[in-house]
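Here's the structure, in structure tokens; my notes come after.
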Amino acid sequence: MATVSPTLEAKLNRSPGKIGMVGFAVVLLIGISYAGFQLLSDLSTVHSGSIMPYVLLGIALLVALGFEFVNGFHDTANAVATVIYTHSMEPHIAVVWSGFWNFLGVLTSSGLVAFGIISLLPVELILQVGSKAGFAMVFALLVAAIIWNLGTWYFGLPASSSHTLIGSIIGVGIANQLTSVKTGTSGVDWGQATNIGKTLLISPAVGFVCAYLLLSFMKLVIKNRKLYEAPEGTEPPPFWIRCLLVLTCTGVSFAHGSNDGQKGMGLIMLILVGTVPTAYALNHAITRKQSDDFIAVSQQAGNTLSKYVSPNAVVGDDREEATDYIRTREFTPNTMLALRQLVTDIGNETALFGELAKVPNDRVRNFRNDMYLVSEALRLMKKTKQPAIGAADWEALDNYKKHVDGATRFIPGWVKVAVAMALGLGTMVGWKRIVVTVGEKIGKDHLTYGQGAAAEITAMITIGAADWFGMPVSTTHVLSSGIAGTMAANHSGLQWSTVRNLAMAWVLTLPASMVLAGFLFWAFRNLF
């Protein structure tokens, strides 16, 4: 069984020192100041007769950033475990280095994962995120995720923040369906949930198998025996091995930031839209020229949809018809007419106001909701292939959807900075418990240099690919299973008590977070 030397134990417990603490405090202060200044600048254009929206905004942002803070306990700490336990980097230097690359990953993230997760939520709660039910939704799923993540962190279990958040969203969706008086109220987009669930289910297996195969391949190609030895004492490895491990740690950290950092971003954008829609419901960065392009694209999309409108279609309320389609997934001839009319109205109103930034405050929320409905309806039509639309026409519709998403699915720079700061602070505070589990308690023998490199290369590629396709994966599960795979490939043996605990955390996370979030949604909905 792997044991930790007193020297390593002292290194893990060592304080970062006054210089390190001051340096981190300065960076944190700069980040907070930038995010705060940008937020206040955005809010300066908002004129509200009540202080309540600002109070709710402050509380909700603290809770959302609290989720990312706790996320830093878990997932970011995984990235530094191998470089710490192979003595490639000092623990606190490794944590700061990982935090920096997480920060860059967050800043360069695409947003696909963020809005892919949001699409799991009930459509009427997204459209009415500023209502009491909308706030109950956001608070319930965030608080549930924080509670479960803190519990598993306390026991040193590398549980998945992705898994937890998805379970919380499903719990809120089911609770919304069960507690709503209105029949036909949406619960969970089970098709989207299934796709994300498959990713979360497969990723640990991918981590185990790929890390196993990669280490076996490395042994065939790289004959330097030093790579496959465990560290001696606390001396760092040879320079080239050290560079390899630092590089893989960097890659995992960057990939983690670009994927996991997005989960909080999407929820923060929902909070901003719900509390101060005049500032955040529409992307004010879109220029007049881009607005003119959008008007032309809207006309093209409207003409395209007109080809498929049945002459017998009749619609009373375009918005309600489109909402029913997204909720029920049942396409009717009336759906196409409603969709065509929404596209036409959005284009005409954009032409009337000239720019999105000039849309009147009392019409911003409905304007954004109409865009969201159109985008989701087009996504479902393409996914279900109902109705049958030609490839050339889909090019026009995809181009229109891209413009619509650019107007509604955006993430301000200050949100990315705030999330990166929360992740980094969480890592600085809570890294040790998870690092010890990954470094000492998965395999029976000490982690070798090659095992650390193979596990992190696997994690880096897997997470990066998931980010490219807009799918959330668990850094924790991929890296932990990757280390287990290298232990199997090295015939080192596994500590089955730890493996059993990890498996239990993996199995229990989904139902536990579902129940917790569902109960909290019911409680908050009655409280607000």
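Basis for what follows: all heavy atoms, side chains included, without hydrogens, waters or symmetry-related copies. By convention here, the first residue in the shown sequence is residue 1. This structure is a prediction, so every number in the text was calculated from the model and none was measured.
- The backbone N or O of G406 sits less than 3.5 Å from a side-chain atom of N283, completing a donor-acceptor pair.
- Although no hydrogens or angles enter the test, the distance criterion places no donor-acceptor pair under 3.5 Å between the side chain of T462 and the main chain of A459.
- No donor-acceptor pair under 3.5 Å is formed between the side chain of K358 and the backbone N or O of T350.
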Please walk me through it: do V252 and V80 pass side-chain contact (heavy atoms from CB on, under 4.5 Å)? CA-CA 9 Å; V252 172; V80 299; over 6 Å; no
Tell me, with the steps shown, if S253 and S98 meet side chain to side chain donor-acceptor pair (under 3.5 Å). CA-CA 5 Å; S253 300; S98 176; 2.8 Å; yes
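- Between Y400 and F294, the ring planes are parallel. Angles under 30° get that label, and only those over 60° would be called perpendicular.
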Show every donor-acceptor pair shorter than 3.5 Å between a side-chain atom in residues 34-42 and any protein atom, with sequence neighbours excluded, or say none if there are none.
{"unit_1": "D42", "atom_1": "OD2", "unit_2": "Y280", "atom_2": "OH", "d": "2.7"}
{"unit_1": "D42", "atom_1": "OD2", "unit_2": "W414", "atom_2": "NE1", "d": "3.4"}

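- Among residues two or more places apart in sequence or in another chain, the side chain to side chain donor-acceptor pair (under 3.5 Å) test is passed with E355 by none.
- For W101, the ring pair (Phe, Tyr, Trp, His ring centres under 6.0 Å) partners are W97, not counting sequence neighbours.
- With hydrogens and angles ignored, the 3.5 Å screen pairs a side-chain donor or acceptor of T323 with a backbone N or O of R319.
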Determine, stepwise, if the pair N361 / T278 fulfils side chain to side chain donor-acceptor pair (under 3.5 Å). CA-CA 6 Å; N361 291 348; T278 54; 4.8 Å; no
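- With sequence neighbours left out, the ring pair (Phe, Tyr, Trp, His ring centres under 6.0 Å) criterion links F67 to no other residue.
- Not counting sequence neighbours, the partners of D345 by the side chain to side chain donor-acceptor pair (under 3.5 Å) test are Q341.
- In this structure, S481 contributes its side chain and P204 its backbone to a donor-acceptor pair below 3.5 Å.
- Judged purely by atom type and a 3.5 angstrom limit, N102 uses its side chain to pair as donor or acceptor with the backbone of G257.
- Looking only at distances, a side-chain donor or acceptor of Q290 sits under 3.5 Å from a matching main-chain atom of T287.
- Legend: residues meeting ring pair (Phe, Tyr, Trp, His ring centres under 6.0 Å) with F367, ordered by chain and number and at least two apart, are absent.
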